[in-house]
Protein chains: 2
Amino acid sequence: MSIQPEQRSEEAASKARLRLWLRFLKTSRIIESELREKLRQEFASTLPRFDVMAALSRYEEGLKMSQLSGVLRVSNGNVTGIVDRLAQDGAVVRVPVPGDRRASMVRLTKRGQEEFAAQAAAHEAWIDEMLAGFSPDECADIAARLDGLVASLGERES
Amino acid sequence: MSIQPEQRSEEAASKARLRLWLRFLKTSRIIESELREKLRQEFASTLPRFDVMAALSRYEEGLKMSQLSGVLRVSNGNVTGIVDRLAQDGAVVRVPVPGDRRASMVRLTKRGQEEFAAQAAAHEAWIDEMLAGFSPDECADIAARLDGLVASLGERES
DNA sequence: CTAATATTATTTAGGCTTGAAATATATTCC
DNA sequence: GGAATATATTTCAAGCCTAAATAATATTAG
């Protein structure tokens, strides 16, 4: 019934990784819910809307729906709804793609750009305050390790 | 129009923290979506259901709805729906609390315990595989820093 | 050219999530 | 005791999210 030392350490490693993941998730939820609440209170907006606008803000010419869902790692149908609402509010427009009548480019309007600029500045300040306990070096260190993790997770897709 | 060195470094610190948060979020989404997919494919279940069962599994005597939503950091109304569905599937029961007819304890059934045990073992293995690039020491190190962050975020609520 | 296949986006059904309002029960203060 | 207040939970409307089905258009193979 006894186990070998190697099995024991494998088991400890597994538990340590699980513990890390649970802390990770907890941290992420706390920060996300704080951001959600501030976006709601100060801008009457939501995190998904902010995420879509942030993605679009990096592409002057806009993004196709499929590119948008790819960048954000959410489903196609999801993006449709969020973009619909942003378009209703005049923050984005769908521009036809010449030569492909299936697709359209989604682009921030001038108004959308302005709204996003204000939200992005506030967002950065909120994060800065919440992560104040981390020095820039510490941030860079952890970020680099997460990059490594993301890369290794990406490779596993085969 | 020029800025002082201190302002410049403040700005750099803010950007470093923002970068960390973005990596953090990306990592979290990748892992979560992988877990979601595996839970669906291998157990025909979902992450929210798993989370509720995980919380309940730590309390033999069960938890009140409000405790459950507190532990999981989600809204009250949310938990109602998830518990409703788990109860329909026979994984949990609502037990009246003697002396307080408003409240009830939610508790895993025997069947719920068995289901959860199988899912938890698989879950730990998935995490172990995804975080294989992190050594136990590295995990403990990062987990400790996240604990510090969570603590500092908790204090800010005043 | 035409048929088969692939791509792009939307729709649909079902579940998750929130904040606010509603309901029921407890507690506290006179 | 009875009124005001607080607590526990559910309900509701709106939006988020997914996977699967559908529709429209493009591309490729024969």
Side-chain angles (χ1 to χ4, degrees), chain A residues 25 28-30 32-53 62-89 91-106, chain B residues 25 28-30 32-53 55 62-89 91-92 94-106:
Chain A
L25 204 52
S28 166
R29 284 189 183 173
I30 292 172
E32 270 193 76
S33 76
E34 176 110 10
L35 293 177
R36 208 178 289 277
E37 191 180 342
K38 295 213 166 186
L39 274 175
R40 189 177 62 86
Q41 291 181 339
E42 300 188 17
F43 295 100
S45 190
T46 66
L47 216 35
R49 287 169 65 104
F50 180 80
D51 289 343
V52 166
M53 293 175 85
L63 285 171
K64 290 195 291 185
M65 295 298 283
S66 50
Q67 294 178 308
L68 206 39
S69 61
V71 167
L72 299 176
R73 295 172 179 280
V74 297
S75 67
N76 263 344
N78 183 4
V79 175
T80 296
I82 299 170
V83 167
D84 282 351
R85 283 179 285 271
L86 284 172
Q88 256 189 330
D89 296 349
V92 306
V93 280
R94 279 182 236 241
V95 182
V97 172
D100 190 341
R101 284 186 297 173
R102 296 168 304 181
S104 54
M105 297 295 262
V106 184
Chain B
L25 204 51
S28 165
R29 285 190 183 173
I30 293 173
E32 270 194 75
S33 76
E34 177 111 7
L35 293 177
R36 209 178 288 280
E37 192 181 341
K38 295 212 168 188
L39 273 176
R40 190 177 60 85
Q41 290 181 339
E42 300 188 18
F43 294 101
S45 190
T46 67
L47 217 33
R49 285 168 66 103
F50 180 80
D51 289 344
V52 166
M53 293 175 84
L63 285 171
K64 290 195 292 186
M65 294 299 283
S66 49
Q67 294 177 308
L68 205 39
S69 61
V71 167
L72 299 176
R73 293 170 180 283
V74 297
S75 66
N76 263 344
N78 182 2
V79 174
T80 297
I82 299 171
V83 168
D84 282 351
R85 283 179 285 272
L86 284 172
Q88 255 188 329
D89 296 349
V92 306
R94 279 183 237 240
V95 182
V97 172
D100 190 341
R101 283 186 299 172
R102 296 167 305 179
S104 56
M105 297 294 262
V106 184

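First the proteins, then the strands, lettered A, B, ... as listed; each starts at 1.
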Measure [atom1]/[X] against [atom2]/[N] and give the value in whole Å, please.
X      : N      : atom1 : atom2 : value
A/R102 : D/dT27 : CZ    : C1'   : 8 Å
A/L68  : D/dC17 : CG    : P     : 12 Å
B/K38  : D/dT18 : NZ    : C1'   : 18 Å
B/L72  : D/dT9  : CG    : P     : 14 Å
A/R85  : D/dC16 : CZ    : C1'   : 7 Å
A/I82  : D/dA14 : CD1   : P     : 18 Å
A/L86  : D/dC16 : CG    : P     : 8 Å

Sugar-phosphate only, base, or nothing, as touched by A/S75 at under 4.0 Å among non-hydrogen atoms:
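Base: the residue A/S75, judged by heavy atoms under 4.0 Å, touches a nucleobase.
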
Does B/G81 reach a base, just sugar-phosphate, or nothing at all? Heavy atoms under 4.0 Å.
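Since no nucleic acid heavy atom lies under 4.0 Å of B/G81, the category is nothing.
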
Return the 5'-most residue of the pair A/V79, A/E37 with respect to DNA chain C, ranking by each residue's nearest nucleotide.
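It is A/V79, whose closest nucleotide lies nearer the 5' terminus.
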
Return the 5'-most residue of the pair A/G77, B/N78 with respect to DNA chain C, ranking by each residue's nearest nucleotide.
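Nearer the 5' end of the strand: A/G77.
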
Anything under 4.0 Å to a heavy atom of chain B counts; send over the first and last such nucleotide of DNA chain C, read 5' to 3'.
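That gives a stretch of C/dG15 to C/dA26.
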
Search all heavy atoms of A/G62 against all heavy atoms of A/M105 and return the closest pair with its distance.
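Here A/G62 and A/M105 meet closest at O-CE, 3.5 Å.
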
Which atom pair, heavy atoms only, marks the closest approach of A/M53 to A/A91?
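Heavy atoms of A/M53 and A/A91 come nearest at CE-CB, 4.2 Å.
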
Going by the rule salt bridge (Lys or Arg N to Asp or Glu O under 4.0 Å), which residues pair with B/E42 if we only count those two or more places apart in sequence or in a different chain?
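Checked B/E42 against salt bridge (Lys or Arg N to Asp or Glu O under 4.0 Å); zero matches.
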
Which residues satisfy the salt bridge (Lys or Arg N to Asp or Glu O under 4.0 Å) test with A/R85, sequence neighbours excluded?
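In terms of salt bridge (Lys or Arg N to Asp or Glu O under 4.0 Å), with neighbours along the sequence ignored, A/R85 is linked to no residue.
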
Pairs where residues 62-71 of chain B contributes a residue and the test side chain to side chain donor-acceptor pair (under 3.5 Å) is met, not counting sequence neighbours
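For residues 62-71 of chain B: B/S69-B/N76.
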
If a pair satisfies side chain to side chain donor-acceptor pair (under 3.5 Å) and one of its residues is in residues 43-52 of chain B, list it, with sequence neighbours excluded.
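Checked against side chain to side chain donor-acceptor pair (under 3.5 Å) - neighbours excluded - the pairs reaching residues 43-52 of chain B are A/R29-B/D51, B/S45-B/R49, B/R49-B/D89.
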
Does OP1 or OP2 of D/dT9 have a side-chain N or O of B/T80 closer than 4.0 Å?
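No, no such contact exists.
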
Presence of B/R94 side-chain N/O under 4.0 Å of D/dT10 phosphate oxygens OP1/OP2:
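Yes.
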
Qualifying residue for side chain to side chain contact (heavy atoms under 4.5 Å, CB included) with B/T80, from B/V83, B/D84, B/N78
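In the set B/V83, B/D84, B/N78, the residue that makes a side chain to side chain contact (heavy atoms under 4.5 Å, CB included) with B/T80 is B/D84.
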
Hey, which of A/L63, A/L86, A/V52, A/V92 is the one that makes side chain to side chain contact (heavy atoms under 4.5 Å, CB included) with A/V106?
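In the set A/L63, A/L86, A/V52, A/V92, the residue that makes a side chain to side chain contact (heavy atoms under 4.5 Å, CB included) with A/V106 is A/V92.
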
Rounded at 0.5 Å granularity, tell me how far CG in A/L35 sits from CD1 in A/I30.
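Answer for the CG-CD1 pair, A/L35 versus A/I30, is 12.0 Å.
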
Strand contacts (DNA chain D) in residues 42-50 of chain B, 4.0 angstrom heavy-atom criterion:
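None - not one residue of the stretch has a heavy atom sitting under 4.0 Å from the strand.
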
